[in-house]
Amino acid sequence: MLAVSRLQATRDDRVLFTGLSFAMQPGDILQIAGPNGTGKTTLLNRLVGLGGFDEGEVLWDNRPVHEDPVAFRRRFSYLGHSLGLKALLTPLENLAFLLRLRDLEPGASALMAALARVGLAGYEDVPVAHLSAGQKRRVGIARLFLEKAPLWVLDEPFTAIDQAGVRALEGWLVEHAGQGGMIVLTTHHLFPESFPLKRLDLSDYCPEAH
Ligand SMILES: Nc1ncnc2c1ncn2[C@@H]1O[C@H](COP(=O)(O)OP(=O)(O)OP(=O)(O)O)[C@@H](O)[C@H]1O
């Protein structure tokens, strides 16, 4: 379980948010909302260890994550703006490489199945440089299925995804949550009314707004 307590983050001497606390249980899908520049990406980056917070604490199963960052690293999958794909490698090679960084070797058939699931059957051996923006993001989504981490941290995962893909991605989020996973994401995507979403408006924690 993820919990954050009294987080504060600053950029260039400007406090973006302060006093931010929330907890996530298995099954939760939490949207971090707020206008451009509120600090949503900053929050997700720092949650996954890309930079620190000025104040506050991030806990996994009631334990501060800084006490064992390597163990925490295995608990989440992070899909950021930059997908971390190597342009000259194929989707298959990229996934194998990225998974090996986590000591995972799922085997070619699992890699092929994950790529097929995200609509990339037939593109497994095409250099990523030759894929469209949406196809590249789909390679990133395939990685989520293979890493099997309980927590997905997703920064604008709907970017460049076509309409059918948007419906599919909504389904994969619900499926992951239904299997006891947790998802924290930023997006400007409008979910259907019935979507099981919790929402946190980061601008509520901006000191300049009060
Ligand atoms: N590398 C950086 N160096 C300095 N300031 C930065 C950097 N990246 C972002 N910022 C600033 O931090 C603030 C928050 O940026 P951030 O990208 O976290 O916002 P956001 O809520 O994700 O915005 P958006 O909805 O546009 O994606 C912005 O004012 C931005 O100018």
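We're numbering straight along the sequence, starting at 1. Note that ligands are numbered from 1 as they come in the structure, with each ligand's atoms numbered from 1 the same way.
Here D162 does not pair with R167 in a salt bridge; the nearest charged N to carboxylate O distance is not below 4.0 Å. Taking 4.0 Å as the cut-off between side-chain N and carboxylate O, E147 and R100 do not count as a salt-bridged pair. D103 has a carboxylate O that lies under 4.0 Å from a charged side-chain N of R74, or vice versa, which qualifies the two as a salt bridge.
Backbone and side-chain nitrogen or oxygen atoms of L16 are examined, and none is located within less than 3.5 angstrom of a nitrogen or oxygen of ligand 1. Polar contact check, G34 against ligand 1: no nitrogen or oxygen pair lies under 3.5 Å apart. Residue H81 has no nitrogen or oxygen atom sitting less than 3.5 Å from a nitrogen or oxygen atom of ligand 1, judged on distance alone.
Each of the following atoms of ligand 1 lies closer than 4.0 Å to a heavy atom of T42: 14 (C), 15 (O), 16 (P), 18 (O).
Neither the backbone nor the side chain of T186 has a heavy atom within less than 4.0 Å of ligand 1. Contacts between E156 and ligand 1 below 4.0 angstrom, taking non-hydrogen atoms only, are absent altogether. When heavy-atom distances to ligand 1 are checked against a 4.0 Å cut-off, D12 comes that close only through its side chain, counted from C-beta outward.
Taking the centre of each ring, F145 and W172 come in below the 6.0 Å mark. Annotation: Y205 is not in aromatic contact with F22 [ring centroid separation under 6.0 Å not met].
Minimum heavy-atom separation, R143 to Y78: NH2-O, 2.7 Å. For I183 against H176, the heavy-atom pair with the smallest separation is CG1-CD2, 3.7 Å.
Closer than 4.0 Å to atom 31 (O) of ligand 1 lies none of the heavy atoms of the protein.
Looking at N94, its side chain does come within 3.5 Å of a backbone N or O of L89 through a donor-acceptor pair.
The option from R46, R11, H188 that lies nearest to atom 7 (C) of ligand 1, judged by heavy atoms, is R11.
Nearest non-hydrogen protein atom to atom 25 (O) of ligand 1 is K40 NZ, 2.7 Å. Protein heavy atom nearest atom 24 (P) of ligand 1, with residue, atom name and distance: N36 ND2, 3.4 Å.
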